Visitor: 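Sharing a structure, written as structure tokens. Questions coming.
For reference, positions follow the sequence shown, starting with 1. Quantities reported herein were computed from a predicted structural model and do not represent experimental measurements.
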Amino acid sequence: MSGIMEFAGTEEAPTGQNRTVRSALLDAALAVFTERGYADAGLAEIAARSGMPVGSLFQHYGGKRGLYLALWEEFREAQERRTAATLTAERGRGVDDPIALFVAGARAYLEGAWDNRRFGRLLVEDDGPTGFDALRRQWDRAWVRRNARLLEVDEKRRAGRVRVRVLTTVIGGAARELGDCGDETEAQEIVDEVCGILIHLSAPPG
């Protein structure tokens with residue numbers, strides 16, 4: 001599951017004051033998006049909550065769409081770092097079984113989804129900017145391919161591709177459910193349950 005992030009942005013990482021401004025704008029955008037939904041969110045309210053002028057919002061993100069995509073990029077990069085670190089640690093401990101690595105990566109991803117549940121709830125609403133669904137489908141296809149390689153599944157075989165797609169769908173569905181959990185204990189129960197399911201489903205037939 002490492003390396004699943006594919007945002008097309010090319011800007012250099014902000015530094016100093018720019019980082020502070022961007023962080024304030026993104027925090028405010030996430031709050032307004034989750035409270036009102038993307039369609040009903042207003043730029044004036046986002047700017048007011050951030051304590052920044054509307055002009056700064058346009059300067060850094062170009063508008064509401066840019067804010068949403070930046071939040072998406074931030075979410076995916078955080079998930080990427082988390083899963084990559086987990087897989088590196090597992091391999092460092094000598095783990096080389098594809099299923100064990102896949103499940104460890106899935107657990108890291110799901111725990112990250114719980115930690116970032118505010119944005120996860122926003123994704124569940126399917127209320128994003130025009131064209132976002134196509135971007136997300138592209139990411140989903142890349143995720144399936146990464147998982148296939150991690151599980152060492154022959155992608156030329158339809159049965160293998162279907163198995164990996166089902167496994168990836170299970171993880172994605174569980175990540176959405178985590179957004180509705182009442183507390184960390186309930187979330188951990190779901191993560192444990194899903195990882196058990198993945199272990200069972202990951203085993204090749206025969």
Visitor: Taking the side chain as C-beta and beyond, is there a heavy-atom pair between Arg22 and Arg19 under 4.5 Å?
Guide: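 A side-chain contact under 4.5 Å is absent here.
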Visitor: How are the rings of Trp72 and Phe75 set relative to one another: parallel (under 30°), tilted (30 to 60°) or perpendicular (over 60°)?
Guide: parallel
Visitor: Heavy atoms only: give me the nearest Pro53-Ala47 pair and the separation to one decimal.
Guide: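 Nearest pair, atom of Pro53 first, then Ala47: C-CB, 4.2 Å.
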Visitor: Rounded to the nearest 0.5 Å, what's the gap from CG on Leu101 to CG on Leu151? Could you check?
Guide: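 Rounded to the nearest 0.5 Å, the CG-CG separation comes out at 9.0 Å.
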Visitor: How long is the gap from CD1 on Ile190 to SG on Cys195, to the nearest 0.5 Å?
Guide: 12.0 Å
Visitor: State the CH2-CD distance between Trp143 and Gln79, to the nearest 0.5 angstrom.
Guide: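 With rounding to 0.5 Å, CH2 (Trp143) is 8.5 Å from CD (Gln79).
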Visitor: How close do Lys156 and Arg161 get, counting heavy atoms only, and between which atoms?
Guide: O-NH1, 3.5 Å
Visitor: Check step by step if salt bridge (Lys or Arg N to Asp or Glu O under 4.0 Å) holds for Arg93 and Glu90.
Guide: CA-CA 5 Å; Arg93 294 194 305 109; Glu90 290 297 297; 2.7 Å; yes
Visitor: Can you check whether Thr20's main-chain N or O pairs, donor with acceptor, with Ser23's side chain at less than 3.5 Å?
Guide: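 Checked: no pair found.
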Visitor: Enter the distance from Ile99:CD1 to His200:NE2 here, rounded to the nearest 0.5 Å.
Guide: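 With rounding to 0.5 Å, CD1 (Ile99) is 11.5 Å from NE2 (His200).
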Visitor: Could you check if a side-chain atom of Pro98 sits within less than 4.5 angstrom of a side-chain atom of Leu150, using non-hydrogen atoms only?
Guide: no
Visitor: Under 3.5 Å, is there a donor-acceptor pair between the side chain of Asp96 and the main chain of Arg91?
Guide: no
Visitor: For the side chain of Lys64 and the backbone of Leu43, is there at least one donor-acceptor N/O pair under 3.5 Å apart?
Guide: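 Looks like no, no N/O pair under 3.5 Å.
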Visitor: Could you please spell out the steps behind the side-chain contact (heavy atoms from CB on, under 4.5 Å) verdict for Ile199 and Phe102?
Guide: CA-CA 9 Å; Ile199 291 171; Phe102 173 73; over 6 Å; no
Visitor: Apply side-chain contact (heavy atoms from CB on, under 4.5 Å) to Arg176 and Leu123, showing your working.
Guide: CA-CA 8 Å; Arg176 288 189 289 274; Leu123 291 175; over 6 Å; no
Visitor: For Tyr61, check ring pair (Phe, Tyr, Trp, His ring centres under 6.0 Å) against everything at least two apart and list the hits.
Guide: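 Residues passing ring pair (Phe, Tyr, Trp, His ring centres under 6.0 Å) with Tyr61: none at all.
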Visitor: Would you check if the side chain of Arg121 reaches a backbone N or O of Gly179 as a donor-acceptor pair within less than 3.5 Å?
Guide: yes
Visitor: So, does Thr169 use its side chain to make a donor-acceptor pair with the main chain of Arg165 at under 3.5 Å?
Guide: yes
Visitor: For Glu177 and Val194: C-alpha separation, side-chain torsions, deciding distance, then whether side-chain contact (heavy atoms from CB on, under 4.5 Å) applies.
Guide: CA-CA 11 Å; Glu177 289 295 325; Val194 171; over 6 Å; no
Visitor: Under 6.0 Å from the ring centre and within 45 degrees of the ring axis: does the NZ or CZ of Arg117 meet both conditions for the six-membered ring of Trp114?
Guide: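 Positive - Arg117 is close enough to the ring of Trp114 and near enough to its axis.
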Visitor: Could you check whether any side-chain N or O of Asn116 sits under 3.5 Å from a backbone N or O of Phe119, counting only pairs where one atom can act as donor and the other as acceptor?
Guide: no
Visitor: Are the side chain of Gln59 and the backbone N or O of Gly55 linked by a donor-acceptor pair below 3.5 Å?
Guide: no
Visitor: Enter the distance from Gln138:CD to Asp133:CG here, rounded to the nearest 0.5 Å.
Guide: 13.0 Å
Visitor: To the nearest 0.5 Å, what is the distance between CZ (Arg76) and CG (Leu69)?
Guide: 9.0 Å
Visitor: Got more than 12 heavy atoms from elsewhere within 6.0 Å of CZ, Arg136?
Guide: yes
Visitor: Are Tyr109 and Thr86 packed together at the side-chain level, in the sense that at least one heavy-atom pair is separated by less than 4.5 angstrom?
Guide: no
Visitor: Considering non-hydrogen atoms only, spot the tightest contact between Ala24 and Ser50 and give its length.
Guide: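 So the minimum-distance heavy-atom pair works out to O-CB, 3.5 Å.
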Visitor: Does the side chain of Asn147 reach to within under 4.5 Å of the side chain of Val153, using non-hydrogen atoms?
Guide: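 Contact flag for Asn147/Val153 side chains = no.
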Visitor: Does Leu57 reach the side chain of Met52, with side-chain heavy atoms less than 4.5 Å apart?
Guide: no
Visitor: Would you check if Leu198 and Ile171 make a side-chain contact, meaning some heavy-atom pair closer than 4.5 Å?
Guide: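 Yes - at least one pair of side-chain heavy atoms lies under 4.5 Å apart.
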Visitor: Can you confirm whether Val191 sits close enough to Leu178 that some side-chain heavy atom of one is under 4.5 Å from a side-chain heavy atom of the other?
Guide: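 The answer is yes; the side chains approach within 4.5 Å.
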Visitor: Scan for ring pair (Phe, Tyr, Trp, His ring centres under 6.0 Å) pairs involving residues 148-178, sequence neighbours excluded, and state none if there are none.
Guide: none
Visitor: Donor-acceptor pairs under 3.5 angstrom involving side-chain atoms of residues 25-35: please list them, not counting sequence neighbours.
Guide:
from  : atom 1 : to    : atom 2 : distance (Å)
Thr34 : OG1    : Leu30 : O      : 2.8
Thr34 : OG1    : Ala31 : O      : 3.0
Glu35 : OE1    : Arg49 : NH1    : 3.3
Glu35 : OE1    : Arg49 : NH2    : 2.6
Glu35 : OE2    : Arg49 : NH1    : 2.9

Visitor: For residues Glu193 and Glu189, determine if any side-chain heavy atom of one lies less than 4.5 Å from a side-chain heavy atom of the other.
Guide: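 No, every pair of side-chain atoms sits at 4.5 Å or beyond.
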Visitor: Any sub-3.5 Å donor-acceptor pair from Asp127's side-chain atoms to Tyr38's backbone N or O?
Guide: yes
